[in-house]
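Step one of this worksheet: look at the structure below.
Reminder, nothing fancy here: chain letters follow the sequence lines and each chain counts from 1.
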Number of protein chains: 2
Amino acid sequence: MTDIPGFRPLYQQVREMFLRRISDGTWEPGRLLPSEQALAVELGVSQGTVRKALDSLAADNLLERRQGKGTYVAAVTPERSLFQFFRIARPGGERLTPSSGTAKTRVRAATGEERQRLGLSPGTEVIEIERTRAVDDKPIILETIIVARDRFPGLEGGDIPNALYALYQSEYGVNVTAANEELRAQAASTDEAAQLGIAEGTPLLAIDRLAYDLDGKPVEWRRSLCDTRELVYAVTLR
Amino acid sequence: MTDIPGFRPLYQQVREMFLRRISDGTWEPGRLLPSEQALAVELGVSQGTVRKALDSLAADNLLERRQGKGTYVAAVTPERSLFQFFRIARPGGERLTPSSGTAKTRVRAATGEERQRLGLSPGTEVIEIERTRAVDDKPIILETIIVARDRFPGLEGGDIPNALYALYQSEYGVNVTAANEELRAQAASTDEAAQLGIAEGTPLLAIDRLAYDLDGKPVEWRRSLCDTRELVYAVTLR
DNA sequence: TAGTGGTCTAGACCACACA
DNA sequence: GTGTGGTCTAGACCACTAA
């Protein structure tokens, strides 16, 4: 590495340089990276140091390594984004993928809470997306999604696909790589019950999600209301 | 390593050997391990290979490495076990630790579902523990815990501490290192409502946890009913 | 000062993919 | 066969800890 003050481990500096290249699009999703040896020569460090940086990024799902082929920038495929962030499953652990019904979108000024959660300035407009998601053709989830309009211009007009994060990446260059979720139990309101085809007051699982991009900035606020009479939210603790 | 057929990477074989030593108590919790160099000489591999095995175990919270001091077997301190498995927090993310009320224990034959979940043979007895847990002196969680009696003899008679997993380790040599949880929303029954001091029918968050030991065998089945009107279950996805 | 884990390097060989 | 990542080794120096 040509000239970096040595107060942080080399491999972390290399990691951060690679992270920047992914984040700013120099290395776009799906792209094959140069070989470890080539990167080592370019940066003037040993192959082992490059390897440690690449391994660490692969552990965070940002790169994919394939023996014999090379190292690729992770592409957020629809399946992948669902598998990574969709935690609803059948009791016992079987994973499943929901289908997405038609969505209603509107544009409006951000509320105070939305500005705070998404880190927006006053007066910013947001896009609100409402949709239901179904499993086995039964509506199970009622979803409300909030994103800043200036980050996703035109989103309100287009089709809303099942796997939104793949669209964020391919159309807007926004990589959702992490999220925090907060779960509560709450009773279904009249309106919510009607949309899910259940009785008013039925206990629903409410999931509040804040999704973050590669730079750690909040991208999307999503609230999901789930009918958990036949499905569960599955978590693995280690 | 003197004589191991080479069909798995060396560092994984070393990892498994170390795991066995932790699991069977050869290396008891809190113990200082021999230095990397000493382990490398003992096994006849390079220090780098030992390091890779130790790093991987440290990443799984089974070892603790302290620069300048050495590598220690992770001890399940009460704080640690709570921090690792207790996901209830205040909205916004602040972690908290509950206090534990008095517990009721009983011994009885295992039900079919309990036998299946815990992998028990017919006729096995289980210990059932019921208790409430409080935050800010308000009862928030109603907990039912099921363990096999032959694995925890005498547990039904003693004091039930707040951090049970620390007791499992210190008194019974059982290391809980992983768990699967399934979450649902459901209405409080008359009895549950009374114990939590809330109205019948209040939506509660039901958490079904199966906890596993180092060998991947199920150890405990725990069902927690949480009042989530002021608290949430927090998850980080990556 | 001596001993530990943490970082960095250099080079060897293996397993795999693909032309 | 050639090139890739995966594994393994050996040795150097650094940062931290404790006597």
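Of all non-hydrogen atoms in A/P29 and A/V73, the two that sit nearest each other are CA-CG1, 3.8 Å.
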5'-to-3' dot-bracket of DNA chain C (Watson-Crick, G-U; under 3.5 angstrom; crossing pairs as [ ]; | other strand): ||||||||||||||||||.

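Across the protein-nucleic acid pair, A/Q37 atom CD and D/dG5 atom P stand 10 Å apart, rounded to whole Å. The separation between B/L10 atom CG and D/dA10 atom P is 11 Å, rounded to whole Å. Atom P of nucleotide D/dT7 and atom CG of A/D55 are separated by 9 Å, given to the nearest angstrom. Taking atom CZ on B/R8 and atom C1' on D/dG6, their separation rounds to 14 Å, with Å as the unit. In this structure, B/L32 atom CG and D/dA18 atom C1' are separated by 13 Å, rounded to whole Å. When the P atom of C/dT9 is taken as reference, atom CD of B/Q47 falls 17 Å away, rounded to whole Å. In this structure, OH of B/Y72 is placed 11 Å from P of D/dT17, rounded to the nearest angstrom. If you measure from atom CG of B/L39 to atom P of D/dT9, you get 14 Å, rounded to the nearest angstrom.
Closest contact between the side chain of B/Q67 and the listed nucleotides C/dG5, D/dG6, D/dT9 involves C/dG5. Of the candidate nucleotides C/dG6, D/dT7, D/dA10, D/dT7 has the atom nearest to the side chain of A/R51.
In this model, the phosphate group of D/dA18 is approached by a side-chain N or O of B/K69 to a distance below 4.0 Å at OP1 or OP2. Residue B/T71 places at least one side-chain N or O under 4.0 Å from the OP1 or OP2 atom of C/dG5. Side-chain nitrogen and oxygen atoms of A/K52 include at least one within less than 4.0 Å of the OP1 or OP2 phosphate oxygen of C/dT7. Phosphate proximity of C/dT7 to A/T49: absent, as no side-chain N or O sits under 4.0 Å from OP1 or OP2. Taking side-chain N and O atoms only, B/R65 has a distance below 4.0 Å to OP1 or OP2 of C/dG6. In this structure, A/Y11 does not reach the C/dC8 phosphate: none of its side-chain N or O atoms is under 4.0 Å from OP1 or OP2.
A/Y233 and A/E181 are linked by a side-chain donor-acceptor pair at a separation below 3.5 angstrom, with hydrogens and angles left out of the test. For the 3.5 Å distance criterion, the side chains of A/R131 and A/T102 fail to qualify, holding no donor opposite an acceptor. Defined by atom type and a distance below 3.5 Å, a donor-acceptor pair is missing between the side-chain atoms of B/T177 and B/N175.
Atoms CG and CG, from A/L167 and A/N162 in turn, are 12.0 Å apart once rounded to the nearest 0.5 Å.
At least one side-chain heavy atom of A/L164 sits under 4.5 Å from a side-chain heavy atom of A/R222.
Environment of CD in A/E16: crowded, with over 12 heavy atoms of neighbouring residues, nucleotides or ligands closer than 6.0 Å.
Remark: A/R31 is not positioned above the aromatic ring of A/Y72, lacking an NZ or CZ atom under 6.0 angstrom from the ring centre and at most 45 degrees off the axis.
The residue A/E36 sits close only to the backbone: its heavy atoms come under 4.0 Å of sugar-phosphate atoms, none of a base. Using a 4.0 Å heavy-atom criterion, one finds that B/R66 contacts the sugar-phosphate atoms exclusively.
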